[in-house]
2 protein chains.
Amino acid sequence: MSTSPTRGPAAAPALAEELRISIARLSRRLRRLKPAGPGAAEPLSLTQFAALAAIERHGSMTPRELADHEKVQPPSMTRVIAHLEAQGLVARSPHPTDGRQVTLAATEPGRTLLAEERRRKQAWLTQRLGELTPQEREILRRAAPILDKLSKS
Amino acid sequence: MSTSPTRGPAAAPALAEELRISIARLSRRLRRLKPAGPGAAEPLSLTQFAALAAIERHGSMTPRELADHEKVQPPSMTRVIAHLEAQGLVARSPHPTDGRQVTLAATEPGRTLLAEERRRKQAWLTQRLGELTPQEREILRRAAPILDKLSKS
DNA sequence: TATTGTTATACTCTATAACTATA
DNA sequence: TATAGTTATAGAGTATAACAATA
């Protein structure tokens with residue numbers, strides 16, 4: 001019988017299962033949140049929001065870069081971008097040197113909406129985080145970049 | 001202009017956005033993992049796996065309890081259970097006193113498969129976790145139950 | 001020939017609404 | 001009337017395959 005250690009590298013499989021299930025569960029819980037309020041414009045899905053936030057943060061990005069960044073396949077990102085563009089939140093422009101590529105940038109309404117969503121749509125999670133102890137928030141704050149590191153590999 | 005603190009309760013909105021995006025991205029990354037190897041039986045989706053694991057851990061559960069536990073609606077859990085039952089991984093039995101309820105328990109093949117999946121299907125995440133520093137793993141170990149607490153609210 | 005991006009199509013997961021059976 | 005579970009149906013999100021344009 002294995003002794004199933006709870007610490008050290010050998011505990012990785014047990015931690016993997018716990019994390020995998022916890023992440024999936026919280027992901028479902030978050031996705032279920034009804035977006036924004038009655039007065040809101042067409043709401044953004046989480047993927048759309050993340051894509052818009054990434055575009056704004058990087059200044060400009062190509063669809064391929066976005067797909068890699070958000071861990072979806074290019075055709076999936078095409079749909080996300082189409083939606084953002086239809087809403088006037090991002091604008092395409094031709095790549096300066098490579099005719100195949102497209103450059104995406106946030107429009108002024110896009111930046112406005114982003115700020116608004118940040119203020120309002122994340123209310124649920126913000127509220128829950130506020131109910132944690134400072135120590136717990138600190139752990140999550142340190143965990144977030146590690147989760148991103150895992151996503152990247 | 002707000003100063004956007006990075007620590008303390010007031011930082012919750014910023015942390016909320018970071019966590020929300022990180023969780024969604026890692027969730028997509030994990031879901032994309034191609035399950036098991038060539039010799040494997042019909043693979044389990046992550047939700048199916050989590051349900052089976054919960055049933056085994058609790059000894060027995062009702063569909064309603066499972067749905068609440070995994071943050072899905074009852075009809076969604078019905079499908080998950082139907083799949084597990086069709087594969088012979090869980091068995092239903094009538095509730096001892098309440099004729100409406102159903103009791104679910106893992107079968108012997110179910111327990112076997114669970115052990116096998118634990119050993120094999122989580123290889124990717126286990127590998128990635130093994131590449132982290134012990135300090136990083138420790139942070140994730142502490143973060144996992146906090147994520148669960150967030151899911152529960 | 002390789003790469004970017006798109007179109008067409010299909011699948012997985014989950015939800016809501018309506019129904020049945022039991023309490 | 002209220003609750004557990006199921007059936008029927010629909011929608012969101014993402015994937016793969018095939019194609020067009022450019023390098």
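Throughout, a chain's letter reflects where its sequence line sits, starting with A, and its residues are numbered from 1. Computation of the quantities below employed the complete heavy-atom set of this structure, encompassing side-chain atoms and omitting hydrogens, waters and symmetry-equivalent molecules.
Distance CG (B:Leu46) to C1' (C:dC13): 11 Å, rounded to an integer number of Å. The distance between atom CG of B:Asp68 and atom P of D:dG5, rounded to the nearest whole Å, is 10 Å. Note: CZ (B:Arg32) to C1' (C:dT12) measures 15 Å, nearest angstrom. Atom CD of A:Glu65 and atom C1' of C:dT3 are 14 Å apart (whole Å). Here the C1' atom of nucleotide D:dT9 and the CD atom of B:Gln73 are 16 Å apart, to the nearest Å. Between B:Arg64 atom CZ and C:dA23 atom P there is a gap of 17 Å when expressed in whole angstrom units. The distance between atom CD of B:Glu70 and atom P of C:dC13, rounded to the nearest whole Å, is 14 Å. Remark: P of C:dT3 and CE of A:Met77 are 20 Å apart, rounded to the nearest angstrom.
Closest approach to the B:Arg79 side chain among C:dT14, D:dT7, D:dT14 is made by C:dT14 (side chain taken as heavy atoms from C-beta onward). Picking from D:dG13, D:dA15, D:dA17 the nucleotide with the shortest atom distance to the side chain of A:Pro75 gives D:dA17.
In terms of polar N and O atoms assigned as donor or acceptor, the side chain of B:Ser76 comes within less than 3.5 Å of the base of C:dA15 in a complementary pairing.
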Handout entry: A:Arg141 vs A:Glu138, salt bridge (Lys or Arg N to Asp or Glu O under 4.0 Å): CA-CA, chis, key distance, verdict
Key = CA-CA 5 Å; A:Arg141 192 165 295 120; A:Glu138 183 59 26; 3.1 Å; yes
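For the atom pair B:Arg79 CZ and B:Gln48 CD, the distance stands at 9.0 Å (nearest 0.5 Å). The distance from atom CZ of B:Arg92 to atom OG1 of B:Thr103, rounded to the nearest 0.5 Å, is 11.0 Å. Note that NZ of B:Lys71 is 11.5 Å distant from CG of A:Leu30, once rounded to the nearest 0.5 Å.
Between A:Thr78 and C:dG5, a side-chain N or O to OP1/OP2 separation shorter than 4.0 Å is absent. Proximity of B:Ser45 to the phosphate of C:dC13: a side-chain N or O atom is located under 4.0 Å from OP1 or OP2.
Salt bridge A:Glu56/A:Arg118: present, at least one basic N to carboxylate O contact under 4.0 Å. Ion pairing between a basic and an acidic side chain is recognised when a charged N comes within 4.0 Å of a carboxylate O; A:Glu17 and A:Arg20 show no such pairing.
A donor-acceptor contact under 3.5 angstrom links the side chains of B:Thr47 and A:Arg28, judged on distance only.
Heavy-atom distances under 4.0 Å link DNA chain D to B:Arg100, B:Gln101, B:Val102 of residues 96-107 of chain B, given in residue order. Using a 4.0 Å cutoff on non-hydrogen atoms, no part of residues 88-95 of chain B comes near DNA chain C.
Checking side-chain atoms of A:His69 against main-chain N and O of A:Glu65 turns up no donor-acceptor pair under 3.5 Å.
Remark: A:Arg111 CZ is packed, more than 12 non-hydrogen atoms of other residues, nucleotides or ligands lying under 6.0 Å away.
Between A:Arg28 and A:Pro74, the residue anchored nearer the 5' end of DNA chain C, judged by the nucleotide with its closest heavy atom, is A:Pro74.
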